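So that the names make sense, note that chain A is the first sequence line, chain B the second, and so on, each numbered from 1. Remember, predicted model here, so these are calculated numbers, not experimental data.
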Number of protein chains: 2
Amino acid sequence: MSTIGRPRAFDEEAVLDRATEVFWQHGYEGASLSALTSAMGINRPSLYATFGSKEQLFQRAFARYHETQVTAARAALDKPSAYAAIEAFLRASADGLTAADHPAGCLSIQGGLACSPENAGISEILAAGRAATEAALAERLTRAVDEGDLSDDTDVRALARFVMALSEGHAVHAAAGASREDLQASVDIALRAVGALQRR
Amino acid sequence: MSTIGRPRAFDEEAVLDRATEVFWQHGYEGASLSALTSAMGINRPSLYATFGSKEQLFQRAFARYHETQVTAARAALDKPSAYAAIEAFLRASADGLTAADHPAGCLSIQGGLACSPENAGISEILAAGRAATEAALAERLTRAVDEGDLSDDTDVRALARFVMALSEGHAVHAAAGASREDLQASVDIALRAVGALQRR
DNA sequence: ACAGCAGTCTACCGCTCGGTACAGAAGTGA
DNA sequence: TCACTTCTGTACCGAGCGGTAGACTGCTGT
């Protein structure tokens with residue numbers, strides 16, 4: 001298929017990554033179109049022709065972010081035991097939240113926990129993403145119960161929620177400037193709880 | 001002192017509470033002046049004459065919120081043992097985050113984790129408030145170490161951060177609709193970690 | 001009674017927001 | 001070469017933002 005007409009002067013995924021960073025730092029509502037286009041190095045009509053609207057751009061950015069995040073999380077969940085899976089999840093999360101190659105914290109949290117009423121959909125998209133991660137975690141823990149790795153009376157939903165909540169709290173801390181070591185020390189403590197469960 | 005001139009037609013603290021709820025639900029930037037004045041039952045000039053600006057109104061709202069929150073937290077920290085203090089803190093936090101008489105979640109989180117660059121000060125104010133709570137927690141735990149209630153090698157800063165992070169994660173969950181019972185079940189798990197520390 | 005003060009109300013300010021019309025530029029196919 | 005298609009750039013749109021001017025209202029002190 002030949003491309004007829006004037007070719008694009010930018011790479012779609014590259015500018016999407018730049019947009020993601022702006023959303024990540026300032027949230028959906030805090031990221032103005034001027035800030036976005038400036039960071040992306042394109043102008044408004046190009047943005048609208050390529051992505052449709054600010055909201056659709058955000059959805060693309062979040063989908064991409066979540067996909068890579070879930071990939072990393074999936075790797076953690078493949079560990080052989082529930083304890084190892086949770087540890088890997090929390091350690092990778094703490095690392096990712098404080099990595100130097102992107103903004104601190106987590107787009108799922110920074111993006112728009114609270115929004116003006118007309119952007120309530122953004123909060124819901126983010127919440128759905130977090131819920132999906134939590135569900136994947138719960139599924140892994142259910143398997144651990146089935147395999148006898150966790151005792152039968154383990155409250156799997158609560159454990160998954162605990163791990164997610166801690167990870168989200170770490171995201172809040174990371175956005176406020178906490179270091180990797182700060183978060184990992186907190187993970188150390190959390191793992192005592194998980195260890196206590198496993199020894200049953 | 002006599003009040004000369006026309007008297008106010010509203011109670012300052014009452015309308016401040018209404019404003020707090022709007023900020024709590026929609027965040028600083030998501031709360032428009034129209035939404036605020038409508039909820040407060042006053043009009044713009046009255047708001048500006050009384051509170052100065054949107055930002056000052058937010059600061060008043062947050063100060064009031066934080067004061068009452070800290071009062072509740074202080075009560076938890078007065079418990080005789082570190083374990084009891086942490087448990088009371090997390091239980092009260094979970095209750096408060098899901099109480100029916102105000103919006104779900106926590107103003108310190110909902111208010112504006114991410115902001116547009118010109119409102120970066122809001123994020124900082126909120127972060128400072130959370131840091132103050134964490135510091136109070138750390139201070140209480142330091143005392144517990146001094147009293148032999150926690151072992152000497154306890155990482156007090158990490159433990160305080162762990163508790164705060166979990167509480168903040170619960171705030172995220174509460175804002176997304178988690179119930180009191182959901183959060184308390186997560187607290188149950190967290191307390192195993194604290195118990196493991198205390199048994200040393 | 002009435003002057004003077006402080007609060008209220010309507011209507012507006014400049015500005016930025018997300019989004020777009022339209023002209024020109026950069027390619028393709030004949 | 002030139003019609004055709006598609007992207008780029010400027011300049012703009014209506015709407016809503018935070019904030020305010022100025023007329024009006026209700027109360028107090030003399």
Side-chain angles (χ1 to χ4, degrees), chain A residues 1-16 18-19 22-23 25-62 111-112 114-122 125, chain B residues 1-16 18-19 22-23 25-62 111-112 114-122 125:
Chain A
M1 188 212 299
S2 58
T3 65
I4 85 176
R6 180 172 176 172
R8 277 213 179 118
F10 58 90
D11 177 60
E12 187 169 325
E13 303 234 315
V15 300
L16 183 56
R18 311 289 297 269
V22 179
F23 283 131
Q25 278 180 17
H26 302 297
Y28 177 75
E29 293 183 335
S32 69
L33 276 185
S34 298
L36 286 165
T37 52
S38 161
M40 297 164 87
I42 66 178
N43 45 37
R44 288 158 131 85
S46 296
L47 190 157
Y48 276 82
T50 309
F51 299 102
S53 68
K54 186 185 178 186
E55 177 158 358
Q56 286 174 18
L57 172 62
F58 181 81
Q59 295 198 21
R60 284 278 305 271
F62 181 59
C115 280
S116 60
E118 65 263 29
N119 290 321
I122 298 293
I125 289 169
Chain B
M1 187 210 301
S2 59
T3 66
I4 87 175
R6 181 173 174 172
R8 273 206 186 124
F10 57 90
D11 177 58
E12 187 170 326
E13 302 233 315
V15 300
L16 183 56
R18 310 288 298 268
V22 178
F23 284 130
Q25 277 179 18
H26 302 298
Y28 177 74
E29 292 183 336
S32 70
L33 276 185
S34 297
L36 286 166
T37 53
S38 161
M40 297 164 87
I42 67 178
N43 45 38
R44 287 158 132 86
S46 295
L47 190 158
Y48 276 82
T50 308
F51 300 101
S53 70
K54 186 185 179 186
E55 176 159 356
Q56 287 174 18
L57 172 63
F58 181 81
Q59 294 199 22
R60 285 277 306 271
F62 181 60
C115 279
S116 60
E118 65 263 29
N119 290 320
I122 298 293
I125 289 169

Partner residues of A:Arg60 under the side chain to side chain donor-acceptor pair (under 3.5 Å) criterion, sequence neighbours left out = A:Glu12
Residue list, side chain to side chain contact (heavy atoms under 4.5 Å, CB included) with B:Glu13, at least two apart or on another chain | B:Asp11, B:Arg64
Closest heavy-atom pair and its distance - B:Ser53, B:Tyr48 | CA-CE2, 3.7 Å
Quick one: side chain to side chain donor-acceptor pair (under 3.5 Å) partners of B:Thr37, sequence neighbours excluded?
-> none
Anything under 30° is parallel, anything over 60° is perpendicular, the rest tilted; go ahead and classify B:Phe23 against B:Tyr28.
-> parallel
Heavy-atom contacts under 4.0 Å between residues 5-12 of chain B and DNA chain C, which residues?
-> B:Gly5, B:Arg6, B:Pro7, B:Arg8, B:Ala9, B:Phe10
Taken to the nearest whole Å, CD1/A:Ile122 to P/C:dG18 is 12 Å
At under 4.0 Å between heavy atoms, which parts of nucleotides 10-21 of chain D does protein reach? Answer with one letter per nucleotide, 5' to 3': B base, S sugar-phosphate only, - none.
-> B------SBBBB
Is the shortest side-chain N/O distance from B:Ser46 to OP1 or OP2 of C:dT8 below 4.0 Å?
-> yes
Quickly work out the A:Asn119 CG to C:dG18 P distance and round it to whole Å.
-> 9 Å
Rounding to a whole Å, what distance do you find between B:Ile4:CD1 and D:dT28:P?
-> 11 Å
Could you check how far CD1 of B:Ile42 sits from P of C:dG7, rounded to whole Å?
-> 12 Å
Go through the structure and list residues passing ring pair (Phe, Tyr, Trp, His ring centres under 6.0 Å) with A:Phe62, not counting sequence neighbours.
-> A:His66
Under 4.5 Å between any side-chain heavy atoms of A:Ile122 and A:Glu29, yes or no?
-> no
A:Arg18, CZ: over 12 other non-hydrogen atoms inside 6.0 angstrom = no
